[in-house]
Novice: 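Please find one structure pasted underneath; my questions will follow.
Quick note: numbers below take in every heavy atom, side chains included, and nothing from hydrogens, waters or symmetry partners. Values in this document were obtained by computation on a predicted structure and should not be read as measured data.
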Amino acid sequence: MSKANKLDWKKYESITKYIYETLGKQSGVTIKGCGSTCIVKGKSGVSHQIDVLTAHSDGIHTYETAIECKYWKDKVNKDIVMKVSSIIEDADISKGVIVTKSGFTKDGLEYAKFKNIGLVELRESTDKDHESTPKEIEIATLQINLNITATRPKLLQINLGNNRNLDVQDEFDLFNYFILLRDGKRIPFYDYVTDFRLDLAGQKKMDIEITKSYKLPESHLFRRGIPESIPFDEVTITGKLTQNDYNKDLEFTLVEKVWLLMKSIFEERTFSLSENGLIIEHKKI
């Protein structure tokens with residue numbers, strides 16, 4: 001690890017902000033504040049300092065997440081979880097997340113799960129990690145010429161009735177949504193997106209808008225990690241087939257060393273951060 005990358009609590013907060021800002025950019029997550037100047041006032045009239053405060057909108061509601069950073073040698077226990085839980089409740093913040101380098105005690109894990117507080121372990125990579133995560137990510141210099149015509153279904157609008165559009169910056173964010181039907185059955189929202197895209201691909205007509213509606217009376221749309229739902233009776237998806245021509249010379253040179261590892265405990269997602277800021281998700285096979 002280079003001398004410039006030695007961690008302290010202040011840099012730890014800054015790196016946490018960078019990771020959440022980078023990972024969330026494609027799905028519309030923004031950083032509202034960080035550090036000592038990030039202060040929110042609760043319903044109690046008491047002000048609270050938030051290490052990193054993010055915001056995300058689904059086009060109808062805006063949801064905030066308060067991220068607490070603990071650059072401690074000891075594991076985070078239930079007392080810290082209780083503190084974060086009380087702050088987000090008082091400040092009417094949708095979600096709380098605790099990031100630490102040393103893990104969590106058993107009571108901290110249990111209470112966080114009960115209170116729906118996200119737990120993240122962000123720490124420096126060690127030799128013991130090399131079995132599950134490569135210590136070096138190397139891509140040799142590569143020169144290629146792309147001359148490709150690609151046809152793909154493009155989503156233009158998702159409407160839930162009453163002029164309520166689901167504003168999603170990145171289609172991958174749709175995987176975070178699910179529908180609770182009237183009979184209590186839970187369906188991934190992306191199932192309907194997939195059905196629509198298959199219909200759209202079968203049209204074989206370029207740049208012509210196609211609309212399809214799915215009647216789902218007395219249903220509710222949920223987003224993972226958000227307790228509130230959106231009631232609706234019908235979802236209407238609009239899209240079209242598009243064709244892109246690529247003709248471009250590209251060159252890549254990359255040699256990166258893993259510096260930090262980040263593991264989201266309950267979501268079971270693992271990321272590595274290189275010394276130069278490259279973030280890679282390590283998916284289970």
Novice: Please identify each residue that fulfils ring pair (Phe, Tyr, Trp, His ring centres under 6.0 Å) with Phe271, with sequence neighbours left out.
Specialist: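 So Phe271 forms no ring pair (Phe, Tyr, Trp, His ring centres under 6.0 Å) with any residue.
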Novice: Minimum heavy-atom separation for Ser213 to Thr236, with atom names?
Specialist: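 Between these two residues, the closest heavy atoms are OG-OG1, 2.9 Å.
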Novice: Going by salt bridge (Lys or Arg N to Asp or Glu O under 4.0 Å), name the pairs with one or both residues in residues 175-185, residues two or more places apart or in two chains.
Specialist: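 For residues 175-185: Arg182-Glu218.
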Novice: Before you tell me yes or no, could you show the steps for Glu234 and Lys215 under salt bridge (charged side-chain N to carboxylate O under 4.0 Å, His left out), namely the whole-Å CA-CA distance, both residues' side-chain angles and the distance that decides it to 0.1 Å?
Specialist: CA-CA 4 Å; Glu234 183 178 36; Lys215 294 188 181 300; 3.1 Å; yes
Novice: Who pairs with Phe114 by ring pair (Phe, Tyr, Trp, His ring centres under 6.0 Å), at least two apart in sequence or on another chain?
Specialist: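 Per chain and number, Phe114 pairs via ring pair (Phe, Tyr, Trp, His ring centres under 6.0 Å) with no residue.
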Novice: Knowing that exactly one of Leu53, Asp90, Asp92 qualifies, which makes a side chain to side chain contact (heavy atoms under 4.5 Å, CB included) with Val40?
Specialist: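 For Val40, the side chain to side chain contact (heavy atoms under 4.5 Å, CB included) check succeeds only for Leu53.
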Novice: Taking only residues at least two apart or on different chains, which pairs with a member in residues 109-122 satisfy salt bridge (Lys or Arg N to Asp or Glu O under 4.0 Å)?
Specialist: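 Those involving residues 109-122 are Glu121-Arg123.
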Novice: Where does the angle between the aromatic ring planes of Phe222 and Phe178 fall among parallel (under 30°), tilted (30 to 60°) and perpendicular (over 60°)?
Specialist: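 Plane angle under 30°, so parallel.
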Novice: I'd like to know if the side chain of Tyr20 and the backbone of Ile31 have a donor-acceptor N/O pair within less than 3.5 Å.
Specialist: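 No; zero donor-acceptor contacts below 3.5 Å.
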Novice: What are the two closest heavy atoms between Phe232 and His220, and how far apart are they?
Specialist: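 Here Phe232 and His220 meet closest at CE2-C, 3.8 Å.
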Novice: So which atom in Tyr192 and which in Ile237 form the shortest heavy-atom distance, rounded to 0.1 Å?
Specialist: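 So the two residues come closest at O-CD1, 4.1 Å.
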Novice: For residues 30-42, which residue pairs pass the salt bridge (Lys or Arg N to Asp or Glu O under 4.0 Å) check, not counting sequence neighbours?
Specialist: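 Residue pairs passing salt bridge (Lys or Arg N to Asp or Glu O under 4.0 Å), neighbours aside: Lys32-Glu64.
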Novice: Can you see which heavy atom on Gly96 is nearest to which on Ile88, and at what distance?
Specialist: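 So the two residues come closest at N-CD1, 3.8 Å.
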Novice: Using only atom types and a distance under 3.5 Å, with no angle test, would you say the side chain of Thr100 pairs donor to acceptor with the backbone of Lys70?
Specialist: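 A pair under 3.5 Å: yes.
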Novice: Show me, pair by pair, the donor-acceptor contacts under 3.5 angstrom made by side chains of residues 76-84, not counting sequence neighbours?
Specialist:
unit_1 : atom_1 : unit_2 : atom_2 : d
Asn77  : OD1    : Asp79  : N      : 3.0

Novice: So do the side chains of Leu166 and Leu221 get within less than 4.5 Å of each other, counting heavy atoms only?
Specialist: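 Sidechains of Leu221 and Leu166: in contact.
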